[in-house]
**Q** 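What follows is a single structure, and I will ask about it in a moment.
We name chains A, B, ... by the order of the sequence lines, and we start the count at 1 in each one.
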Amino acid sequence: MAVAVKQWDARYFQMAFQVIFLSYSILFLQWKAEWLQYSLYIGTALILQWLCDAILEKKMFSPFQWSSGGWKSALISSLSLCLLLKTNNWSICILASALSVFSKYIFRINGKHVFNPSAFGIVATVLFTGNAWLSPGQWGSSAVIFFAVCCLGFIVVTRVQKLDITLAFLLTFAGLLFIRQVIYLNWPIDFFLQSISTGSLLLFSFFMISDPRTAPNHAVARIIWAMLIAAVAFYFSAFKWMNSTPIFILVLMAPLVPLFDLLMKAKIFQWRAAVKESQQATINFIKSKRIYHG
Amino acid sequence: MKRKIISAALLLVFISSDVFAFCGFYVSKADGTLKNKTSQVILVRDGERTVITMSNDFKGDVKDFAMVVPVPTVLKKSDIKVVEADLFQRLNDYSKPRLVEYFDQNPCERRDYELAEIVTQKMSAPSTANAKEKSEDSRYKVKVEAEYTVGEYDIVILSAEESTGLYKWLTANKYKIPKGAEEVLEPYIKSNMKFFVVKVNIEEQEELGFEQLRPLQIKFNSPKFMLPIRLGMANADGDQDMIVYAFTKNGRIESTNYRSVLMPTGKNIPLFVQKNFGSFYANLFQHQWEKENQSVSFVEYAWDVSPSNFMKCDPCVSEPPNFNDLKEAGVWWLGKDVYEEYVNEYNTNKTKNVFFTRLHVRYNRKAFAQDLVFQETPNKENFQARYIITHPATGNLTCSEGQNYLKELKERRKKEMSMLSQLTGKGYDDWDLVMDPELNRTTVDTSYQSIAVTESTPMKKTGTGKTVFLASMALLSVLTMVSIGRRGKNKE
């Protein structure tokens, strides 16, 4: 039967997990709940996304008839900002959100945006305002089991959607850390376990680098790219003593993606909902023809 | 029995400060095993430059002891200096958790509202130690990079190729290496760390006439912004406390590999804590530390102490650190030793900003697998661990407002009691109280004792919320998976 199968968009799960992470952190990890900041992040992102979509479609539409998946992307980016970016200044929240959304429209090559929106927003805000920061230790390492379970849950429900990037990154990064810390420096194993059991690392690998829209299209290219990010991030954290290197390196390496796409051709990734929409459009088109002919 | 709990916890914080420790380890030539328990460290950091001052309250025969601290570079003589011990006392007094008192007005006597803020204090502080020996041997693959005498200390800076060599060198020089130290030496050697080995130069010490050993201050340039606590765990059993006083230009420091937790603050607690504040805070710290799963660093104080900021504390427990204290602590960016210049640059010169952070870490081998690594953040939000007690109104309370007041007082005191057990995990009966005659000043049924009897004794609140949360999340994910599975089947 040619009934369109209702497959949930993976982005719904992503949102759900981000909300769970945030509430867990506030409820049990003594995070100070910055409600004003959260609403500014989310509000700014949604409003700007809506405006951008309206301008591109050259018509004002009510937010309830928002057909494109733009709001999902904006919501996910702003939830990432809520989870990762710290500041004491409300205007920074607006700036970070705006940078995230605009980066999708300003930096585009071949119909793909170059930077992961939230990573770009975070890195640009931290580097250029000097008034925002990341707290890599904010989850500690005792919450890691909770995070791991959620991430595994995410894999299950999304049916391994582009998990290759996550695994390539995580295995390379952890592998290099293991070689350096345990084999070379001879630290006990719990030293290494603490390095990899931070919520920030899991969040990055499952919810940021894994974004299929900003990764190379070709499967092999994706894996090389993820491993490259892991290796460079490892270098700067182990030898240059920098913090939160994966996010910075992700942004730094983003311009390589169009290069990979040029060298290794493959289809551009589309979220399931978007695929469905285009299929539906085709079906409608055919139907209308039929009616016309009939 | 219950009294014992309190006194035991007290021991942890107070007795512990008798025995000094730093993140390095003490090596002893004598047989008596030394324990590191509490240490105080001043960290000054900007860019890649770090100044570390290690307090030294070592008690014992100075000629028998030495301290080993891993450092990232070979220090020059000008990078090492001895500072006055009371600096630590001043910083501690300024930043320690504080108790604020308020006074209720008697509603039956219309007087102007009287408010008084008296600040009580807590916790003692700092002071040092070591011996002298000299030997080098290439057989041990240990290189003596430099040797200096600074103040009462003889200092040797070593680099080593292998931990067994360093171990043997120290042994050959008649140091007794604590058990467990050898395994952590290797990672430091391979990370290209040098070893700063300190002993006391007895002649110098006698000549200088200082009874107590003074804190040592070192400075170096390195991207590494950390404190090597792992080495310090070598000769300490159980938990050790460390208080870090940090001075930075832009804002708070925080640990990048351990979670930072703000101490509960601004809580109303029972009046009887006034005379027991030390033990109250010791219990509070222990309870919060266990509640947070140990692997955390607590923020006890954070304040902008820049010359341009007039309000350097609120309320002030003691004098805020002045120009000389900051200079002594190693804050180099304040400029020349000209106090006028410092004062005249009020409001304008951002390069003279100084932000102060006090962190309190209680660590042990199990919960702390890694050294403490820090980062400076632009977070300038002030913070203090501050607790509030309120004195009841006195005098005749027979008027109707007075009666209402007593009812409210009783309710308030119930809340204070439950706050007390929430903060410290202890109930009224657990307190070995230094009784204040306050109980006689209020009517019997508003006394804490009577409230404690009516209220049930301490509630055990341990992570039930967390379990419920986790369980509901698990349920949610199972449901999601089931629904996904069904959809999959429908598809077929």
Side-chain angles (χ1 to χ4, degrees), chain A residues 3 5-8 13 16-17 20 23-24 27-30 32 86-89 126 129-143 145-146 149-150 152-154 156-159 180-181 184-195 198-200 239-244, chain B residues 48 163 183-184 186-191 222-226 230 250-251 254-262 264 288 291-297 365-371 373-381 463 465-466 469-470 473-474 476-478 480-481 483-484 487-488 490-491:
Chain A
V3 174
V5 179
K6 190 166 186 249
Q7 180 78 53
W8 287 7
F13 294 109
F17 284 120
I20 292 174
S23 28
Y24 178 85
L27 287 172
F28 302 112
L29 298 180
Q30 318 291 326
K32 202 172 138 201
K86 308 279 155 197
T87 180
N88 284 331
N89 189 336
V126 169
T129 68
N131 222 335
W133 69 98
L134 298 167
S135 286
Q138 64 182 346
W139 281 291
S141 43
S142 44
I145 299 167
F146 172 73
V149 168
C150 288
L152 286 175
F154 182 68
V156 174
V157 295
T158 57
R159 302 275 173 82
R180 165 90 186 154
Q181 294 178 344
Y184 178 70
L185 293 179
N186 222 348
W187 283 110
I189 194 80
D190 56 350
F191 185 100
F192 163 72
L193 290 178
Q194 191 181 334
S195 311
T198 73
S200 316
F239 297 100
K240 300 288 170 196
W241 285 73
M242 293 180 179
N243 300 311
S244 309
Chain B
E48 293 204 340
S163 56
E183 71 154 11
V184 294
E186 189 177 346
Y188 287 126
I189 293 170
K190 285 188 172 160
S191 313
S222 165
K224 294 179 189 176
F225 185 19
M226 51 90 92
R230 275 302 307 276
N250 300 312
E254 64 175 30
S255 168
T256 59
N257 54 347
Y258 295 95
R259 195 153 58 87
S260 299
V261 178
L262 296 173
Q288 298 299 320
K291 215 176 86 189
E292 300 296 341
N293 282 328
Q294 305 190 354
S295 320
V296 289
S297 80
R365 173 65 190 81
K366 195 162 170 275
F368 284 77
Q370 296 190 348
D371 287 327
V373 184
F374 301 102
Q375 71 173 4
E376 183 189 3
T377 71
N379 187 357
K380 276 194 161 61
E381 204 180 356
K466 198 172 187 168
F469 183 83
L470 288 176
M473 283 309 138
L476 196 76
S477 46
V478 167
T480 325
M481 280 177 222
S483 75
I484 297 284
R487 279 170 208 283
N490 288 345
K491 191 175 162 184

**Q** Does any heavy atom of chain B fall under 4.5 Å from the side chain of A:Asp190, the backbone, both, or neither of them?
**A** both

**Q** Does any heavy atom of chain B fall under 4.5 Å from the side chain of A:Ser135, the backbone, both, or neither of them?
**A**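 For A:Ser135, the contact with chain B is made by backbone and side chain together.
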
**Q** Specify which of A:Tyr184, A:Phe192, A:Trp133 makes the most heavy-atom pairs with chain B at under 4.5 Å.
**A** A:Trp133

**Q** So which part of A:Lys86 gets closer than 4.5 Å to some heavy atom of chain B, the side chain, the backbone, both or neither?
**A** neither

**Q** How long is the straight-line distance from OG1 of A:Thr87 back to CG of B:Asn379, given to the nearest 0.5 Å?
**A** 8.5 Å

**Q** Side-chain contact test, heavy atoms from C-beta onward, threshold under 4.5 Å: evaluate it for B:Tyr188 versus B:Asp371 and give yes or no.
**A** yes

**Q** Need one label for A:Ser195: side chain, backbone, both or neither, based on atoms under 4.5 Å from any heavy atom in chain B.
**A** both

**Q** Pick one of side chain, backbone, both or neither for B:Ser295, based on which atoms fall under 4.5 Å of a heavy atom in chain A.
**A**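 Neither part.
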
**Q** Can you tell me which portion of A:Asn186 sits under 4.5 Å from chain B's heavy atoms? Options are side chain, backbone, both or neither.
**A**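 A:Asn186 touches chain B through backbone and side-chain heavy atoms alike.
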
**Q** Between B:Glu48 and B:Lys224, does the side chain to side chain contact (heavy atoms under 4.5 Å, CB included) criterion hold? Intermediate values first, please.
**A** CA-CA 8 Å; B:Glu48 293 204 340; B:Lys224 294 179 189 176; over 6 Å; no

**Q** Heavy-atom cut-off 4.5 Å, strictly under: side chain, backbone, both or neither for A:Leu134 against chain B?
**A** backbone

**Q** Chain B: which of A:Leu27, A:Asn89, A:Asn88, A:Leu185 shares the most heavy-atom pairs with it under 4.5 Å?
**A** A:Leu185

**Q** Rounded to the nearest 0.5 Å, what's the gap from OG1 on A:Thr198 to CH2 on A:Trp139? Could you check?
**A**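 Spacing of OG1 (A:Thr198) from CH2 (A:Trp139) equals 8.5 Å.
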
**Q** Which atoms of B:Glu254 come close to chain A, meaning under 4.5 Å heavy atom to heavy atom: side chain ones, backbone ones, both, or neither?
**A**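 Only the side chain of B:Glu254 comes within 4.5 Å of chain A.
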
**Q** Can you classify the ring geometry of B:Phe374 versus B:Phe225 as parallel (below 30°), tilted (30 to 60°) or perpendicular (above 60°)?
**A** tilted

**Q** Side chain, backbone, both or neither: which part of A:Gln138 has an atom under 4.5 Å from a heavy atom of chain B?
**A**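 Contact with chain B: backbone only.
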
**Q** Check whether A:Ala16 gets within reach of chain B through its side chain, its backbone, both or neither, counting any heavy atom under 4.5 Å.
**A**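 Neither part.
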
**Q** Before giving the answer on side-chain hydrogen bond (donor to acceptor under 3.5 Å, both in side chains), spell out for B:Tyr258 and A:Gln194 the whole-Å C-alpha distance, their side-chain angles and the decisive distance to 0.1 Å.
**A** CA-CA 9 Å; B:Tyr258 295 95; A:Gln194 191 181 334; 3.2 Å; yes

**Q** Between B:Val296 and chain A, with a heavy-atom cut-off of 4.5 Å, which part of the residue counts as in contact: side chain, backbone, both or neither?
**A** neither

**Q** At their closest point, which heavy atom of B:Ala369 faces which heavy atom of B:Arg230, and how far apart are they?
**A**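 Heavy-atom minimum between the residues: O-NH1, 2.8 Å.
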
**Q** How far does CD of B:Gln370 sit from CH2 of A:Trp187, to the nearest 0.5 angstrom?
**A** 8.5 Å

**Q** Between CD of B:Glu376 and CG of A:Asn243, what distance do you get to the nearest 0.5 Å?
**A**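 Those atoms lie 12.0 Å apart.
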
